[in-house]
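One structure is given here, and the rest of the page talks about it.
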Amino acid sequence: MALQQGNISIHAQNIMPIIKRWLYSDKDIFIRELVSNGCDAITKQKMLTPGSEIEYKVTVTVDEKAGEIRFSDNGIGMSAEEVEKYINQVAFSGAEEFLKNYEGDEKGGIIGHFGLGFYSAFMVADRVTIETKSETADPVRWVSEDGMAFTMSEGSRSERGTDIILHIAEEEKEFADEFRVRQVLKRYCSFMNTPVYLEVIKEEAPKSEEAAEGEAPAIEVKEPERINPNAALWLKAPKDCTDEEYKKFYHDVFHTFEDPLFYVHLNVDYPFNLKGILYFPKLTNDFGTREGEIKLFSGQVFVADNIKEVIPEFLMLLKGVIDCPDLPLNVSRSFLQNDGYVKKLSAYITRKVADKLTGLFNTERSQYEGYWEDIHPFVKYGCMRDGKFFEQVKDTLLLKTTAGTHMTLSEYLSKNEGKLGGKKVIYTSDPMRQSASIAHYETEGIDVVVLDALIDLNFVSFMEYSAGVEGLSFARVDADAATFAKEQSEEEKQQNQANEKVLADLFAAATGNQELAVQLTALKDPSMPGMLVQDEQGRRFSEMGKIYGQDFKLPEHFTLVLNAENAVVKNLLTLEDGEKRDMMAAQLYDLARMSTRPLEKDEITAFLNRSGKLLELLCK
Ligand code: ADP
Ligand code: MG
């Protein structure tokens with residue numbers, strides 16, 4: 001063939017600089033693009049000659065000394081006409097599409113895969129050579145330095161297949177490096193459908209100093225290394241996968257020794273093509289700081305991690321792989337966000353996850369309860385983010401009690417509603433600190449549930465609003481004393497109101513806290529002098545403020561509930577003014593505080609001093 005020269009297309013002049021600039025951050029994708037072109041060429045060849053015994057493979061050779069990377073395949077190859085058509089002219093249509101996207105979406109980012117795959121080589125190379133041969137045609141060599149002007153001549157390849165040789169530009173030398181290339185190959189090509197090998201040619205380090213001075217350094221050629229030894233398990237039919245395989249795959253892909261809790265295998269062909277495996281990892285309470293990892297593949301080629309546009313945000317707490325070969329990845333992210341197809345995909349994934357949870361709940365309740373500790377932040381978060389998900393899983397939501405049992409909301413209500421006199425859930429946000437308040441309920445035979453995760457603060461409000469239970473409310477163990485109150489006659493109540501006023505003044509003076517609200521109520525247990533309660537809504541509001549970093553201090557709504565039936569309280573009402581009465585009031589206040597939370601440093605000191613004095617009084 002005679003030497004031929006030409007320009008790829010008039011548009012290419014506009015395109016190449018843009019490609020180089022635009023893709024700057026994602027330069028390493030050229031490796032993915034060239035390897036997947038090799039795989040594609042092999043797939044085509046396999047279709048032409050099915051059943052052939054040939055060992056198909058793509059080999060990536062890094063020659064550190066020459067500053068070259070070679071992508072070699074024994075696929076279908078190209079004739080001169082095909083190079084003309086697929087390399088020289090296709091750039092044209094691909095480029096136009098690229099430009100359209102580029103103009104429409106200045107900052108959105110483009111996922112890759114826009115039919116400019118081959119040309120991505122020019123992001124890093126200052127010379128790209130194609131040596132190719134198709135079965136029946138003469139070999140062809142194609143060379144270009146800038147992706148715009150090229151030469152074509154007779155090639156040197158004797159066997160069918162293609163070599164793409166990149167001479168790496170000086171400023172991109174990091175890519176002519178064994179470790180860098182291996183890292184990129186592992187990232188993108190670990191599950192490609194054709195064996196991919198990495199071969200390295202490098203200068204051997206001189207063995208001794210004399211050798212370093214004298215001889216030229218020896219060249220070392222490393223054994224080809226298989227990049228994708230593991231099969232893409234997600235493509236196997238779920239019924240043919242064993243538990244062991246799922247676990248091993250999880251270990252391999254996420255480089256961990258830990259086992260996942262359980263997993264969901266996604267496998268549909270219609271109405272869209274979606275395969276994947278989602279794993280529930282062991283999670284911890286502060287879900288906000290944790291990141292899951294969902295790898296998106298397109299036909300076994302890795303595309304990106306955690307694509308928010310495709311995978312519902314709350315599912316990002318999971319780990320797994322998702323393969324959607326038909327996803328329009330050649331478009332901008334903002335387009336994906338509004339795409340109906342993508343919405344359906346994402347709804348499907350959500351539903352499968354919900355199905356898994358309800359399935360476990362219905363058939364393996366005790367196992368499901370065991371998982372709850374690990375999965376509840378995820379499930380709750382999902383409920384708040386996605387109404388459909390909530391509808392599907394709401395009957396599987398569990399409440400863990402301080403006794404370590406688990407109940408659904410309706411189980412809790414039917415067991416405790418009578419004693420609580422309404423659709424109320426009593427919870428603790430800190431079983432240790434609130435143990436005294438918890439004990440009040442436990443002695444009444446009322447279940448207290450533990451809601452101590454960061455997410456629970458939002459979750460209780462969410463449930464009150466969305467659970468569909470009329471009049472449902474959550475109250476922390478220290479939110480009110482109503483449960484312990486005793487029936488009283490109208491007369492007694494009036495008497496209490498009058499006494500309440502007296503006690504309020506007395507406590508304000510004794511504790512030095514003028515803001516302190518005092519309430520006098522008859523409680524069932526006469527031995528309990530009083531308790532400190534904090535308005536549920538007000539407390540939630542101020543805690544919310546703390547979480548979202550508001551620095552103004554919201555007033556805290558504490559009320560000291562005194563027991564009208566208690567001997568000490570009655571006694572206070574009859575005692576004369578004086579140190580003794582003030583000490584008793586202050587002591588009572590401290591005891592009430594202690595049943596809500598441990599005293600702070602200064603408070604403890606005061607409490608201990610006063611306790612000593614009170615004991616002295618007893619000696620008199
Ligand atoms: P795409 O892969 O999306 O078609 P590319 O720019 O990656 O776009 O490749 C353009 C075309 O060049 C391919 O469709 C194919 O026909 C041809 N081609 C590229 N690499 C090879 C190869 N290694 N072997 C055979 N044909 C190839
Ligand atoms: Mg391609």
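Nothing here was measured: the structure is a model prediction, and the numbers come from that model. Atoms within a ligand are numbered from 1 in the order they appear, just like the ligands themselves.
At least one N/O/S atom of N37, from backbone or side chain, sits under 2.8 Å from the Mg ion (ligand 2).
Residue D73 places at least one N or O, backbone or side chain, under 3.5 Å from an N or O of ligand 1. On a distance-only criterion, Y119 and ligand 1 share no N/O pair closer than 3.5 Å.
Using a 30° and 60° split on the angle between ring planes, F378 and F280 fall in the perpendicular class, above 60°.
Listed by atom number, the atoms of ligand 1 under 4.0 Å from I87 heavy atoms are 12 (O).
Under the 6.0 Å cut-off for aromatic ring centres, Y86 and W142 do not qualify, their centroids lying 6.0 Å or more apart. Between F191 and F249, the ring centre distance stays below 6.0 Å.
A heavy-atom distance below 4.5 Å is not found between the side chains of F150 and I87. D177 has its side chain out of reach of R182: every pair of non-hydrogen atoms, C-beta onward, lies at least 4.5 Å apart.
Taking 4.0 Å as the cut-off, E33 does not count as a neighbour of ligand 1 on heavy-atom distance. At least one heavy atom of K44 lies less than 4.0 angstrom from ligand 1.
Considering only non-hydrogen atoms, atom 20 (N) of ligand 1 lies nearest to N37 out of V83, N37, L34. With atom 24 (N) of ligand 1 as the reference point, the heavy atom nearest to it among G77, S72, A41 is part of A41.
More than 12 heavy atoms of other shown residues, nucleotides or ligands fall within 6.0 angstrom of atom NZ in K173.
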